S.K.: 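Attaching a single structure in structure tokens format; questions to follow.
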Protein chains: 2
Amino acid sequence: MVSIATWNINSVRLRADQVVRFLSEQGPDVLCLQEIKCAEHLFPHEVFEAAGYTHRVVHGQKGYHGVATVSRIPLREFGRHDWQDNGEARHVGVELLGPGQGLVLENVYIPAGGDIPDREQNVKFGQKLDFLERMARWADKLDRPTLIVGDFNIAPLECDVYDHKALLKVVSHTPIEIEALYRFRDAHGWVDLGRKHIPAPERNWTWWSYRTYWQEKDRGRRLDHMWASPELATQSVSHRFVEETRRWEQPSDHVPLITEFAL
Amino acid sequence: MVSIATWNINSVRLRADQVVRFLSEQGPDVLCLQEIKCAEHLFPHEVFEAAGYTHRVVHGQKGYHGVATVSRIPLREFGRHDWQDNGEARHVGVELLGPGQGLVLENVYIPAGGDIPDREQNVKFGQKLDFLERMARWADKLDRPTLIVGDFNIAPLECDVYDHKALLKVVSHTPIEIEALYRFRDAHGWVDLGRKHIPAPERNWTWWSYRTYWQEKDRGRRLDHMWASPELATQSVSHRFVEETRRWEQPSDHVPLITEFAL
DNA sequence: GCATGCTCAG
DNA sequence: CTGAGCATGC
């Protein structure tokens with residue numbers, strides 16, 4: 001059995017303690033982090049080393065974005081892509097070497113896309129769509145058992161947001177983004193493990209805005225995903241999201257997901 | 001008996017908890033704070049109210065400097081001076097109304113003075129000397145029992161610094177500053193309570209730099225003072241500095257002083 | 001609202 | 001080293 005987690009941590013330095021707490025309480029074999037917000041040389045390696053996560057691949061940059069995959073089972077880097085060709089650190093791939101041997105794990109942080117859902121008025125929205133398109137083309141060619149995880153910044157289903165109608169024009173839930181995500185899915189038959197294990201309309205949000213979380217209303221979205229190649233998807237045996245981390249002190253605005261595979 | 005404390009807190013918002021801990025452990029009747037680093041409307045009044053310090057006079061400004069006097073015995077504002085006439089919040093005076101009735105308590109934050117001890121090369125040094133000169137002239141005219149406390153940014157005696165010879169050319173311990181301080185003293189017979197109660201050469205440093213504190217060497221200075229008018233000085237019965245606060249988590253670089261008066 | 005990194009100040 | 005405020009991004 002191999003368990004794999006993903007978490008947009010929103011600064012790994014600030015929340016190294018929380019990551020360790022999560023690792024010790026939930027014990028995933030591998031954890032993919034997004035928005036580590038530091039360059040590689042500032043990544044808190046000691047903390048992960050001490051926690052037993054002795055295999056790490058870090059693709060960082062100063063201040064923004066950045067992804068890292070940490071593991072207690074051996075792995076090796078499998079490549080990093082810059083689909084925007086602008087130097088942002090938004091992807092790193094690894095290949096598992098011990099248990100789960102042969103599995104490829106792709107850690108992705110899709111751009112947020114700015115505020116206005118129109119590529120004419122908002123270049124960031126166009127960049128998000130282009131990123132997705134290029135990632136879809138790349139993903140289509142993958143020919144090994146692969147898991148693509150991370151912060152997709154897209155909530156595809158109606159039940160993936162707190163108010164479907166209100167959010168149709170809000171970046172993350174617009175039809176154009178969802179169509180782009182579905183083109184990614186359909187080209188290769190990628191399986192949405194979140195919805196395989198927690199079928200709609202059950203709620204499994206992964207993100208709550210800092211701006212509104214303190215209010216009474218419960219306004220989340222499902223922005224974080226785990227997509228498996230068809231054969232691999234048949235081997236996933238459990239999936240959960242750890243909502244309680246959102247109530248920890250000084251939390252990330254995202255919560256982690258964990259999937260177990262019969263490998 | 002009335003006890004009066006002074007502490008350069010280096011951000012009262014960041015260290016409100018530490019101030020409350022100090023107040024509960026040491027129980028001074030009145031506390032004069034310097035470098036509160038906030039405007040009046042951001043001062044954490046609730047915290048002091050809950051701790052029983054229900055009388056407060058705050059002279060703050062945004063970001064820098066700022067002084068406040070908080071008290072569990074009644075007091076009223078007695079004026080605020082801007083000796084530099086540049087809008088900086090570096091002084092507030094109060095008059096005690098209950099126990100200690102009639103005592104005037106002046107809370108002062110003298111400018112640090114920059115790095116180079118030469119008014120030609122460093123305007124801040126000139127401003128510090130001018131501040132002292134004007135304060136001395138003002139203090140000379142005071143005609144009530146008065147206590148002047150605060151961060152003076154001057155360590156007058158050889159034993160007030162960790163290395164007298166090395167610091168003769170370092171702002172805070174230069175002869176020109178010390179002479180200015182002594183002109184202040186002599187014009188009115190102000191009594192240095194720190195040295196009345198803890199005679200030289202005993203050490204009673206009040207400040208340790210953040211930059212060097214982590215080193216092994218113990219390199220402090222006595223920058224914080226309590227000066228009493230001659231009659232009032234005869235009524236001081238004890239004086240101490242609370243060095244342990246410098247070892248608390250995320251401490252101020254200054255430690256508090258407390259004097260008790262037979263009033 | 002909450003990160004980073006910059007500047008300025010001690 | 002350690003504050004505050006600012007700009008920027010999500």
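Every heavy atom of this structure was used, including side-chain atoms; hydrogens, water molecules and symmetry mates were not. Remember, predicted model here, so these are calculated numbers, not experimental data. Residue numbering restarts at 1 for every chain, and letters A, B, ... go by the order of the sequence lines.
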S.K.: Should the pair A/Phe184 and A/Trp190 be assigned to parallel (<30°), tilted (30 to 60°) or perpendicular (>60°) ring geometry?
M.R.: parallel
S.K.: Do nucleotides 5-10 of chain C as a string where each nucleotide becomes B, S or -: B if the base has a protein heavy atom under 4.0 Å, S if just the sugar-phosphate does, - if no protein is that close.
M.R.: SS-BSB
S.K.: Can a donor-acceptor pair be found between the side chains of A/Trp208 and A/Asp218 at a distance below 3.5 Å?
M.R.: yes
S.K.: Using whole Å, what does the distance between atom P of nucleotide D/dG3 and atom OH of B/Tyr213 come to?
M.R.: 14 Å
S.K.: So, A/Glu88 and A/Tyr64: side-chain donor and acceptor under 3.5 Å apart, yes or no?
M.R.: no
S.K.: Could you check how far CG of A/Asn122 sits from C1' of D/dT8, rounded to whole Å?
M.R.: 15 Å
S.K.: Rounded to the nearest angstrom, tell me the gap between atom CD in B/Gln18 and atom C1' in D/dT2.
M.R.: 13 Å
S.K.: How many whole angstroms separate atom CD of A/Glu177 from atom C1' of D/dC10?
M.R.: 14 Å
S.K.: Under 4.0 Å between a Lys/Arg side-chain N and an Asp/Glu carboxylate O for A/Asp192 and A/Arg222?
M.R.: yes
S.K.: Please list, chain by chain and in numerical order, all residues satisfying ring-ring contact (aromatic ring centres under 6.0 Å, His included) with A/Phe43, sequence neighbours excluded.
M.R.: A/His45, A/Phe48
S.K.: Taking CG from A/Asn10 and P from C/dC2, how many angstroms apart are they, rounded to a whole number?
M.R.: 11 Å
S.K.: Quick one: which residue pairs count as a salt bridge (Lys or Arg N to Asp or Glu O under 4.0 Å) with a foot in residues 8-19 of chain A, not counting sequence neighbours?
M.R.: none
S.K.: Look at A/Ser11 and C/dC2 and indicate whether a side-chain polar atom (N or O) is within less than 4.0 Å of OP1 or OP2.
M.R.: no
S.K.: Taking OP1 and OP2 of C/dG1, is either one under 4.0 Å from a side-chain nitrogen or oxygen of A/Thr212?
M.R.: no
S.K.: Just grab all the salt bridge (Lys or Arg N to Asp or Glu O under 4.0 Å) pairs involving residues 105-127 of chain A, residues at least two apart or on different chains.
M.R.: A/Arg119-A/Asp130
S.K.: How long is the line joining CG of A/Asn8 and P of C/dT4, in whole Å?
M.R.: 13 Å
S.K.: Using the side-chain hydrogen bond (donor to acceptor under 3.5 Å, both in side chains) rule, pick out the option among B/Asp151, B/Asn8, B/Thr6 that qualifies with B/Gln34.
M.R.: B/Thr6
S.K.: Just how far, in rounded Å, is P of D/dG3 from CH2 of B/Trp207?
M.R.: 15 Å
S.K.: Rounded to the Å, how far apart are B/Trp214 CH2 and D/dT2 C1'?
M.R.: 15 Å
S.K.: Counting only side-chain nitrogens and oxygens, does B/Gln250 get under 4.0 Å of the OP1 or OP2 atom of D/dC1?
M.R.: no
S.K.: Kindly state which residues belonging to residues 163-175 of chain A come within less than 4.0 angstrom of DNA chain D, counting heavy atoms of the residue only, listed by number.
M.R.: none
S.K.: What residues form a ring-ring contact (aromatic ring centres under 6.0 Å, His included) with A/His81, not counting sequence neighbours?
M.R.: A/Trp83, A/His91, A/Trp138
